[in-house]
Amino acid sequence: MDLEARSLQPNVKAVILAKLREYKSDLNNLKSEHKRLASANSNQAARDDLLESGMADAMSVSANQRGRLMMSTERLNESSDRIKESRRTMLETEELGLHGVDDNISKSKKILTNMSRRMSRNKWIISSIIVVLVVAIALILYFKLSK
């Protein structure tokens, strides 16, 4: 455009060159303003990207921690359930064992009392046999010595 304006007649040439210079300066001003806004927008966009990625990292870390916490809670609940089940089994076993022990104790008491009765009876029987033998020996001696 500059070349075309210079090739025109001198009275039109001055006016058109002045307008051309004005348009060029406006264009330069607009370009610089566009660069300034674009750099501000790019800075803002970069800042937003960083914040969004930071938030995404925080969210992923938070989700990761939440997942680990849920898994730990589930394991803890399972362990608690196993402990409760073990305790219930232990109490049942103890109860069954005590009934068995009580039965065995009563049986052993009966056996011991029967054994002591037999022992006493056997003592009386042996004592009676001894007395009968002593009396028999005494009678035999009396009849042998008396003749």
Side-chain angles (χ1 to χ4, degrees), residues 1-7 15-147:
M1 280 181 45
D2 191 28
L3 290 174
E4 289 177 6
R6 289 184 188 181
S7 65
V15 173
I16 290 181
L17 283 175
K19 282 186 182 182
L20 187 61
R21 272 187 241 119
E22 186 179 324
Y23 291 148
K24 280 185 180 181
S25 70
D26 286 345
L27 180 64
N28 287 335
N29 287 339
L30 289 173
K31 281 182 180 179
S32 65
E33 187 175 338
H34 177 268
K35 284 182 182 178
R36 184 180 56 84
L37 290 175
S39 69
N41 284 341
S42 69
N43 285 342
Q44 183 65 30
R47 187 176 304 133
D48 288 344
D49 285 344
L50 285 175
L51 289 176
E52 285 176 8
S53 68
M55 291 299 280
D57 289 344
M59 294 247 188
S60 68
V61 167
S62 177
N64 189 14
Q65 287 176 346
R66 186 177 300 123
R68 288 195 331 237
L69 181 62
M70 293 289 281
M71 285 176 36
S72 297
T73 303
E74 187 173 327
R75 283 188 206 145
L76 182 62
N77 288 338
E78 289 172 359
S79 297
S80 296
D81 291 343
R82 276 189 256 139
I83 289 172
K84 286 178 185 176
E85 182 66 24
S86 298
R87 186 162 192 255
R88 186 184 63 76
T89 304
M90 179 201 62
L91 291 174
E92 287 176 1
T93 305
E94 182 180 348
E95 186 176 319
L96 291 173
L98 287 178
H99 289 305
V101 168
D102 288 342
D103 292 341
N104 288 340
I105 288 175
S106 64
K107 286 180 183 178
S108 65
K109 281 183 181 179
K110 287 179 185 176
I111 291 171
L112 286 175
T113 53
N114 285 338
M115 286 174 67
S116 67
R117 282 186 196 148
R118 284 183 190 163
M119 198 168 62
S120 296
R121 188 175 54 201
N122 286 343
K123 278 184 187 179
W124 281 104
I125 291 172
I126 290 175
S127 298
S128 324
I129 291 173
I130 290 175
V131 168
V132 168
L133 287 175
V134 169
V135 170
I137 291 175
L139 283 174
I140 292 175
L141 283 176
Y142 176 74
F143 286 121
K144 282 273 191 175
L145 289 177
S146 65
K147 281 193 190 187

Separation between CG (Asn64) and CG (Leu69), nearest 0.5 Å, reads 11.5 Å

One should read off an interatomic distance between Ile83 CD1 and Leu76 CG, to the nearest 0.5 angstrom, of 8.5 Å

Residue pairs passing the side-chain hydrogen bond (donor to acceptor under 3.5 Å, both in side chains) test with at least one member in residues 71-86, sequence neighbours excluded, are Glu85-Arg88

Between the CD atom in Gln65 and the CE atom in Met70, the distance rounded to the nearest 0.5 Å is 14.0 Å

Sorted by chain and residue number, the side chain to side chain contact (heavy atoms under 4.5 Å, CB included) partners of Glu22 (sequence neighbours excluded) come out as Asp26

Can you list the steps and then say if Arg121 with Arg118 is a side chain to side chain contact (heavy atoms under 4.5 Å, CB included)? CA-CA 5 Å; Arg121 188 175 54 201; Arg118 284 183 190 163; 3.5 Å; yes

Distance-only check: which donor-acceptor pairs under 3.5 Å involve side-chain atoms of residues 106-113, not counting sequence neighbours?
{"residue": "Ser106", "atom": "OG", "partner": "Asp102", "partner atom": "O", "Å": "3.4"}
{"residue": "Ser106", "atom": "OG", "partner": "Asp103", "partner atom": "O", "Å": "2.8"}
{"residue": "Ser108", "atom": "OG", "partner": "Asn104", "partner atom": "O", "Å": "3.2"}
{"residue": "Ser108", "atom": "OG", "partner": "Ile105", "partner atom": "O", "Å": "2.8"}
{"residue": "Thr113", "atom": "OG1", "partner": "Lys109", "partner atom": "O", "Å": "3.1"}
{"residue": "Thr113", "atom": "OG1", "partner": "Lys110", "partner atom": "O", "Å": "2.8"}

Check whether any side-chain heavy atom of Arg21 lies under 4.5 Å from a side-chain heavy atom of Lys24, and answer yes or no. no

Verdict with reasoning, Glu33 to Asn29, per side chain to side chain contact (heavy atoms under 4.5 Å, CB included):
CA-CA 6 Å; Glu33 187 175 338; Asn29 287 339; over 6 Å; no

Interatomic distance, CG@Leu27 vs CG@Leu20, rounded to 0.5 Å, equals 10.5 Å

Within 6.0 angstrom of Met90 CE, more than 12 heavy atoms from elsewhere: yes

